[in-house]
S.K.: 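Below you will find the structure I want to go over with you.
Read the numbers this way: they start at 1 and go in the same order the structure lists the ligands and their atoms.
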Amino acid sequence: MKILVTGGAGYIGSHTCVELLKKNYDVVVLDNFSNSCEESLNRVQNITRKKLSFYEADLLKPSDIHQVFKDHKIDAVIHFAGLKAVGESVTIPLKYYHNNLTGTFNLLSAMDQFNVKNLVFSSSATVYGDPTTLPITEEFPLCATNPYGRTKLIIEEVLQDLYQSDKSWSIALLRYFNPVGAHESGQIGEDPQGLPNNLMPYISQVAVGLLPRLSVFGSDYNTPDGTGVRDYIHVTDLALGHILTLPKLTSKPGVATYNLGTGNGFSVLEIIKEFEKASNQKISYQITDRRPGDIATCFADSSKAKKELGWETTKSLEDMCKDTWNWQKNNPEGYRKHSKED
Ligand code: NAD
Ligand code: UFG
């Protein structure tokens, strides 16, 4: 089976390419490198000792997408490509709407034209807004609290409309909780451009000495230690969720939604403590004001993915911190410099 992976050079995409190649899928990557670089794909091929096809191409250019479908008989698409920084989406919403929505519409039109109707879409737990009870099931009410989240919500609705109009589509909406960690080899991992927005890459850059200290955004939440609680999931477990979704797609048309999380919530202070243990480094931090838009607690009920896909997470918080540290210490400046071991 041949899988087109949009955004395959990015953080989650590159880890998913590793697992696809390991399972002997043929992989074609389309990425414009707006938030990644080719080195991640070189390393995917090093890890697996297998080749993938790669197109430096932009979803905003229909002719780029058509070229890929002309060159390859694609069986299914895993669609990661998009912009993802929540804060930035508030400052430059039009760029987010254009890239994420227009890019997706161009992809869907090309898929329709080339009769490729199996799609896995990267959605997010952000579509649940601030949930009133926990854990979060797929049936919870949906809302968007920022332009990034709205792009996810709109695309989910567009995909429902698409299926209603043509029942031969088979679509999975995967709602990720908080992806962290790196491949166990330490060769690929999260490589944020500029100051990290998310907790784990920020902590690991403090640990390696690139940043002086972490700001803990608020200690007065209604949580056991007052800091925000999230459902962190190892990126390899997340990648494997995509692999298990593919046979389901090709077996029956429809739109299915799955939460991909561990079901466990950890606070910011718990993450700092676990990371200090895994890295044997002191993480300097200060408590600051809450970050606007943050919620207190978020964790998943992923029993539907377990029941219908046979998917379960196997990696612990210790694994997530150890693997993040292994990636960070071997690649202190991400993909920009060759790793220390090179
Ligand atoms: P990432 O930025 O590392 O990867 C996205 C990739 O898409 C990048 O390689 C980028 O260059 C590419 N891209 C962006 N716009 C493109 C375009 N117009 N044409 C071609 N390529 C384009 O992000 P990630 O963390 O790997 O996230 C992957 C997907 O998962 C995104 O859709 C994101 O919104 C979603 N998601 C991520 C998280 C998270 O915390 N990382 C959580 C929930 C959902
Ligand atoms: N935090 C800090 N300091 C930091 C960064 C984060 O204290 O420097 C705290 C936040 O306040 C929050 C927790 O760490 O309590 C996690 O924050 P992240 O920014 O890592 O993750 P979020 O839960 O805010 O959001 C992430 C993605 C969203 C996605 C969501 C659910 O950024 O795109 O997970 O999947 F929608």
S.K.: Would you mind checking which non-hydrogen protein atom is closest to atom 21 (O) of ligand 2, with the distance to 0.1 Å?
M.R.: Asn178 ND2, 3.1 Å
S.K.: Considering only non-hydrogen protein atoms, determine which one is nearest to atom 18 (P) of ligand 2 and report residue, atom name and distance to 0.1 Å.
M.R.: Asn198 ND2, 3.5 Å
S.K.: Return the residue, atom name and 0.1 Å-rounded distance of the protein heavy atom closest to atom 2 (C) of ligand 2.
M.R.: Phe217 CD1, 3.4 Å
S.K.: Quick check on contacts: which atoms of ligand 2 are under 4.0 angstrom from a heavy atom of Asn197?
M.R.: 5 (C), 19 (O)
S.K.: Does Tyr176 reach ligand 1 with a nitrogen or oxygen that is under 3.5 Å from one of the ligand's nitrogen or oxygen atoms?
M.R.: no
S.K.: In terms of atom number and element, which parts of ligand 2 are under 4.0 angstrom from non-hydrogen atoms of Val216?
M.R.: 7 (O)
S.K.: Within a distance under 4.0 Å of any heavy atom of Phe177, pick out the atoms of ligand 2 and give their elements.
M.R.: 31 (C), 35 (O)
S.K.: So which protein heavy atom does atom 12 (C) of ligand 1 come closest to, and at what separation?
M.R.: Asp31 OD1, 3.4 Å
S.K.: Answer side chain, backbone, both or neither: which part of Phe33 comes under 4.0 Å from ligand 1, heavy atoms only.
M.R.: backbone
S.K.: Heavy atoms only, cut-off 4.0 Å: how does Asn99 contact ligand 1, side chain, backbone, both, or neither?
M.R.: side chain
S.K.: Identify, for atom 29 (C) of ligand 1, the protein heavy atom at the shortest distance, and state residue, atom and that distance.
M.R.: Phe80 O, 3.2 Å
S.K.: Starting from atom 29 (C) of ligand 2, which protein heavy atom do you reach first, and at what distance in Å?
M.R.: Ser124 OG, 3.4 Å
S.K.: With a cut-off of 4.0 Å, which atoms of ligand 2 are near a heavy atom of Arg230?
M.R.: 12 (C), 15 (O), 16 (C), 22 (P), 23 (O)
